[in-house]
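Here the structure comes first, spelled out in structure tokens, and everything after it is commentary.
Chain identifiers are assigned alphabetically (A, B, ...) following the order of the sequence lines, protein sequences preceding nucleic acid strands; residue numbering begins at 1 within each chain. Here the structure is a predicted model, which means the values were calculated and not measured.
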Protein chains: 2
Amino acid sequence: MPKPAHRRITIVDVARHAQVSTTAVSKVLRNAYGASPAMRAKVQQAIDELGYRPSAAARGLRGQTYTIGVMIPELRNLFFADILDGITAQLGDTAYQVLLAPGCNGEKEEARVIEAMIDRSMDGLVLIAPVSSRTRLNNVARSVPTVVVGRHGSSTAYDTVTDDDVAGAALVVEHLAGLGHRRIAHIEHHETDPVRLLEMPNAQRANGYRDAMREHGLADQIDIASTSYTHQGGYLGAKQLLSRDQRPTAIFAGADVVALGALEAISEAGLSVPGDVSVVGYDNSALAAFGPISLTSVDQDGRQMGANAARLLVDRIADRDRRTAHVKLSPTLVVRRTTAGPARAAAPRPAPDPAATRTPTDG
Amino acid sequence: MPKPAHRRITIVDVARHAQVSTTAVSKVLRNAYGASPAMRAKVQQAIDELGYRPSAAARGLRGQTYTIGVMIPELRNLFFADILDGITAQLGDTAYQVLLAPGCNGEKEEARVIEAMIDRSMDGLVLIAPVSSRTRLNNVARSVPTVVVGRHGSSTAYDTVTDDDVAGAALVVEHLAGLGHRRIAHIEHHETDPVRLLEMPNAQRANGYRDAMREHGLADQIDIASTSYTHQGGYLGAKQLLSRDQRPTAIFAGADVVALGALEAISEAGLSVPGDVSVVGYDNSALAAFGPISLTSVDQDGRQMGANAARLLVDRIADRDRRTAHVKLSPTLVVRRTTAGPARAAAPRPAPDPAATRTPTDG
DNA sequence: TGTGGCATGGGTAACGTTTTCCACGATGTT
DNA sequence: AACATCGTGGAAAACGTTACCCATGCCACA
């Protein structure tokens, strides 16, 4: 044979080969009710012998596509990659296939991508840190099962999975205050939109910072540089903070990249870390764990968030009318080498290597 | 209106609303031949008024799905993200939507993912650094237009886009030899499979290294540590190389992560970079560019590779029988602060601040 | 007045699955 | 014995789009 340009095997071929109806084959494929064990075996054998694979396009026309779409705003963000790992791990033994839609930074792009996923009749959507309006999200959720990850604010249309950013910020303040710091500053991502001010993690972190400062009797020390969650934002924010009359002894950056920018500004100012200034990040990304950087950071078990999202989504696909659920996970603080007691502190402790330092190999 | 639970608008609705046939609407949708400008306008208006969006599932059953699948073996690899950016940028103004399939490290996983994409009747596939056998790739390419990125070896069934890894390795050796180095060692990703030995970039880099060393009259200095392209691989490889009787004055790591591992091993051995040992990476990832690391590295324009891949794929979708094309791009070397002349060279330079120490320096 | 080509529009049969409904025999119940 | 029930299997109608082919009207040309 030269090149048969194989016509794809269809359910009809399988049915003929097993000498049953296509209905029967379909039932076996979907584990549906109404097929005896004998039938199941017979059909399964035909499927295996012919190497049959169902066409998702055809399935989508009537039933499910067994496809779950995940929207990721930024592929380079390692935290998002962790979430994705959690999703795929949770979905590993199911029939669902995960597909990612890349390149959706900005509301317009995001809308386009979500539409594209709906057009492709995906069975469910996981939206990671979406920026769309609440109304829009509700509309989306009404037309397809949806789980929103990393955005606060509960809805009756979609499930959510978040990390407790307020608690994360509190962990940071607590850690620093426990080390003896009082002038603890924060670099936040500037936000004006009133809804986002409530729902976006960055705003929650800033709120958590304020609350925790007050709780530790440091209300008068609250000092926030409002820039953006970028390397440059960290650099500029730290510069701003360091130029204060009384400069902070500790900086809580709202994200790891921000902390890296801050580190550069601090070093540029001729100061040392953690000798003169302690620095804490957020996300516990691979960068934070990297030996030479060794950044104290808040860890948000991304894998578990992803796993929860996947579980909720599969549940909702099975029962579209169940009540919405809102999972909030607790972060932990990973102490590394960018935090220590303030220079002017009483106890002249020899800076001990914190327990969280890692061997070079598990970076 | 309470909650209509909107039935999706179909092509029939549009046809009725515009008072034409579904065939006409379909022609307008696909920019197909046989529709007058007047017809186009009328139908387009109906589409806009009704907010109609075609169902990809239904389309896939007869024609195209306007979906392009990209297989990425490792999301965390920033170089792959660049490639993806190039693909989406090139496809930006077309009707195609890019979808990513994650979690395909390993031959088995890769096969599963590729099958999944074919099942979903994608119009074309971009496979980034696939590990499947040549036969398998050919089979895939026979059933769907395919472009393979980052794997050498030409095929008559699929197009390829690669970076010239041999040239890249030569750039490194040239740079180091130009600085006066003679003992230039290499850390490679171990490979035994004969096909991969020819086709995989890592093998090509090792070959390029050997060739370049010979060309520079350094054949007797060839020294390779065979580990893996991971952080740990770099750490162990460097440890191995540093324990040689005559230790190398320069290490060419086959990838940036490998270089980072090597940096840790070097620092652990009490040596400085680039004072005692120069280090070069490959990929010019964001990590390499990061100020405190500032790693000299080979840059492979990932965006351009992606753009080329997308262009080739769209071409092939349009004409499945055209000859296969094989694009090979040239890398460049980005010199940063991890390379300098060898310590025993003539000039008694004061040891500069090695980039690998923890204190952040600049941007 | 035919004849052929071209531009335009539509009718209809796919495409491969799932869903809905019905038939049939076996079994249990009154 | 008559009647409901259950378990199993199949026929046929969707699902929304595109491909294929034909009908029509118009024009140019012999």
Can you find a side chain N or O atom of A:Arg30 that sits less than 4.0 Å from OP1 or OP2 on C:dT19? yes
Do the charged groups of B:Arg76 and A:Asp82 touch, with an N to O distance under 4.0 Å? yes
Is any side-chain N or O of B:Arg62 closer than 4.0 Å to OP1 or OP2 of C:dG16? no
Give a yes/no answer on whether the side chain of B:Ser55 brings an N or O atom under 4.0 Å of OP1 or OP2 in D:dG16. no
Nearest whole angstrom, please: distance from the P of D:dG10 to the CZ of A:Arg16. 15 Å
Do any side-chain nitrogens or oxygens of A:Thr10 fall under 4.0 Å of OP1 or OP2 in C:dG16? no
Rounded to whole Å, how long is the line connecting atom CZ of B:Arg53 with atom P of D:dT17? 12 Å
Distance in angstrom units between B:Asn31 CG and D:dA19 P, rounded: 13 Å
Partners meeting side-chain contact (heavy atoms from CB on, under 4.5 Å) with B:Asp315 (sequence neighbours left out): B:Arg311, B:Arg322
State plainly whether the residues A:Asp119 and B:Arg53 are in salt-bridge range, i.e. N to O under 4.0 Å. yes
Within the structure shown, what part of the strands sits under 4.0 Å from A:Thr23 by heavy-atom distance: base, sugar-phosphate, or nothing? base
Using a heavy-atom cut-off of 4.0 Å across all strands, would you classify A:Val20 as base, sugar-phosphate, or nothing? sugar-phosphate
Salt bridge A:Lys328-A:Asp163, side-chain N to carboxylate O under 4.0 Å: no
If you measure from the Lys or Arg side-chain nitrogens to the Asp or Glu carboxylate oxygens, is any gap between B:Glu109 and B:Arg112 under 4.0 Å? yes
Look up atom OG1 in A:Thr160 and atom NE2 in A:His152, then write down how far apart they are to the nearest 0.5 Å. 9.0 Å
Between B:Lys27 and B:Leu61, which residue's closest nucleotide on DNA chain D lies nearer the 5′ terminus? B:Leu61
Could you go through A:Ile114 and A:Leu127, starting from their C-alpha distance and side-chain angles, then the distance that decides it, and tell me whether this counts as side-chain contact (heavy atoms from CB on, under 4.5 Å)? CA-CA 9 Å; A:Ile114 293 178; A:Leu127 306 181; 4.0 Å; yes
N/O (side chain, A:Ser26) to phosphate O (OP1/OP2, C:dT18) under 4.0 Å: yes
OP1 or OP2 of D:dT17 sitting under 4.0 Å from any side-chain N/O of B:Tyr52? yes
Which one, C:dT18, D:dT18, D:dG9, comes nearest to the side chain of B:Thr22? D:dT18
Using whole Å, what does the distance between atom C1' of nucleotide D:dG16 and atom CZ of A:Arg120 come to? 15 Å
Using whole Å, report how far CZ of A:Arg8 lies from P of C:dG16. 9 Å
Thinking salt bridges, do A:Arg136 and A:Glu107 make one under a 4.0 Å N-O criterion? no
Just by modelled atom types, is the A:Ile9 backbone N or O under 3.5 Å from a matching donor or acceptor in the A:Asp13 side chain? no
Round to the nearest Å and state the distance from A:Lys42 atom NZ to D:dT8 atom C1'. 12 Å
Write down the distance between OH (A:Tyr66) and C1' (C:dT18), rounded to a whole number of angstrom. 9 Å
Go through the steps to decide whether A:Leu29 and A:Ile11 satisfy the test side-chain contact (heavy atoms from CB on, under 4.5 Å), and finish with yes or no. CA-CA 10 Å; A:Leu29 282 174; A:Ile11 204 174; 4.1 Å; yes
Looking at every strand, decide which applies to B:Ala35 at a 4.0 Å heavy-atom threshold: base, sugar-phosphate, or nothing. sugar-phosphate
Contact list (N/O, under 3.5 angstrom) for nucleotides 24-27 of chain C vs protein:
none

Distance test, side-chain N/O of B:Arg59 to OP1/OP2 of D:dT18, below 4.0 Å: yes
Once you round it to whole Å, what is the distance between C1' of D:dT24 and CE of B:Met39? 14 Å
Measure from the side chain of B:Tyr33, starting at C-beta and using heavy atoms only, and say which of C:dT8, D:dT8, C:dG11 lies closest. C:dT8
The bend of the helix from C:dT1-D:dA30 to C:dT30-D:dA1, taken between the axes of its five terminal pairs at each end and rounded to 10°, is 50°
Is B:Gln300 reaching over with its side chain to a backbone N or O of B:Gly302, donor-acceptor style, under 3.5 angstrom? no
